[in-house]
Amino acid sequence: MSKLPLTLALVSVLAVTAAAQAPTFKRTVLQQADISVAGREAVTARADIPAGVSAGRHTHPGEEIGYVLEGTVIVEINGASKTLKAGDTFLVPANTPHNATNNGTAAAAIIGTYIVEKGKPLATPVK
C-alpha cells in the first residue's frame, strides 16, 4: 500500500494551516459617530500591521488623519513615500490611493481618524 496519498494530504493540510496563520493587516473600528456635517461621519480605528506586511493600496471616501502609535511604517501617498515612526502623523486626502507597509522587524500600529461619507465602505481596495 502506497503512502503517497497520505503524504500529499498531510502536505496540503500543512500548507493550508501555514497560510491561515500568516500575519495580516487588521483594522479595528474603535468608534463611529455622526458629525455636524450632513452626510459625513467620524470613524476612529486602530490599524495593526505585522512586520513585513502591507495594508495594500486602497482609498477612503473622505480624509484620513493618521498617527503612528508604535513601530515604523512606510506610507505611500500619490506616488511619494515617507518613512514614519511612532509619534509621527500623516494626512491622506479623500479618495486618494495610498498604502502603508511595515518593513521593520516589529509590529506597527496606526490610529486613524476618518471623516468620511456616511454609508460608504471605510476602505476600498485599488486594483
Side-chain angles (χ1 to χ4, degrees):
M1 183 167 154
S2 172
K3 292 186 180 181
L4 185 57
L6 179 59
T7 302
L8 290 175
L10 182 58
V11 169
S12 294
V13 168
L14 290 174
V16 169
T17 301
Q21 295 174 351
T24 60
F25 169 83
K26 179 183 175 189
R27 181 181 293 115
T28 304
V29 173
L30 304 173
Q31 74 172 348
Q32 186 169 0
D34 291 343
I35 60 174
S36 62
V37 178
R40 296 277 178 175
E41 65 183 347
V43 179
T44 303
R46 177 184 170 120
D48 290 290
I49 311 172
V53 172
S54 175
R57 285 175 44 83
H58 61 282
T59 61
H60 303 288
E63 289 75 14
E64 175 184 3
I65 302 137
Y67 174 81
V68 181
L69 190 60
E70 59 188 59
T72 302
V73 293
I74 298 170
V75 176
E76 302 166 66
I77 305 169
N78 284 330
S81 64
K82 187 171 183 179
T83 300
L84 302 174
K85 62 184 181 342
D88 288 340
T89 60
F90 61 94
L91 184 127
V92 181
N95 302 305
T96 301
H98 61 286
N99 190 20
T101 302
N102 179 351
N103 281 349
T105 57
I110 296 171
I111 296 293
T113 299
Y114 307 86
I115 306 300
V116 293
E117 293 179 55
K118 191 171 180 174
K120 290 198 174 181
L122 184 58
T124 302
V126 173
K127 298 179 183 186

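Just so you know, these numbers use all the heavy atoms, side chains as well, and skip hydrogens, waters and symmetry mates.
H58 places no side-chain N or O within donor-acceptor distance of the main-chain N or O of N99, the cut-off being under 3.5 Å. Remark: side-chain polar atoms of D34 are not paired, donor with acceptor, to backbone N or O of E41 under 3.5 angstrom. Proximity of a side-chain donor or acceptor of N102 to a complementary backbone N or O of G104 within less than 3.5 Å is detected.
Summarising the geometry of F25 relative to I49, their closest heavy-atom pair is CD1-CG1, 3.6 Å, with the distance given to 0.1 Å. The two atoms that bring P97 and V126 nearest to each other are CB-CG2, 4.1 Å, heavy atoms only. Between L69 and A86 the shortest heavy-atom distance is O-CB, 3.7 Å. The nearest pair of heavy atoms linking T101 to S54 is OG1-OG, 3.3 Å. Residues T24 and V53 share a closest heavy-atom pair of C-CG1, 4.0 Å.
Taking CG of L91 as the start and CD1 of I77 as the end, the distance is 7.5 Å to the nearest 0.5 Å. A distance of 10.0 Å separates CG in L122 from OG1 in T59, rounded to the nearest 0.5 Å. Once rounded to the nearest 0.5 Å, the distance linking OH of Y67 with CG of L84 reads 12.0 Å. Here T96 contributes atom OG1 and E64 contributes atom CD; the two are 10.5 Å apart, rounded to the nearest 0.5 Å.
Checked against side-chain hydrogen bond (donor to acceptor under 3.5 Å, both in side chains), R46 has the following partners two or more places apart in sequence or in another chain: D48.
Contact annotation: the side chain of V75 never approaches that of K82 to less than 4.5 Å [non-hydrogen atoms, C-beta and beyond]. Side chains of H98 and H60 form a contact here, defined as non-hydrogen atoms less than 4.5 Å apart.
Under the 4.5 Å side-chain heavy-atom criterion for grouping Ile, Leu, Val, Met, Phe, Trp and Tyr, I110 is connected to V92 within one hydrophobic cluster.
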Kindly determine whether R40 and E117 satisfy side chain to side chain contact (heavy atoms under 4.5 Å, CB included), including the steps that lead there.
-> CA-CA 5 Å; R40 296 277 178 175; E117 293 179 55; 3.8 Å; yes
Apply side chain to side chain contact (heavy atoms under 4.5 Å, CB included) to the pair T72 and K85, showing each step before the final yes or no.
-> CA-CA 4 Å; T72 302; K85 62 184 181 342; 4.2 Å; yes
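Each of I111, I65, V29, T28 was checked for a side-chain contact (heavy atoms from CB on, under 4.5 Å) with T44, and the lone residue meeting it is I111.
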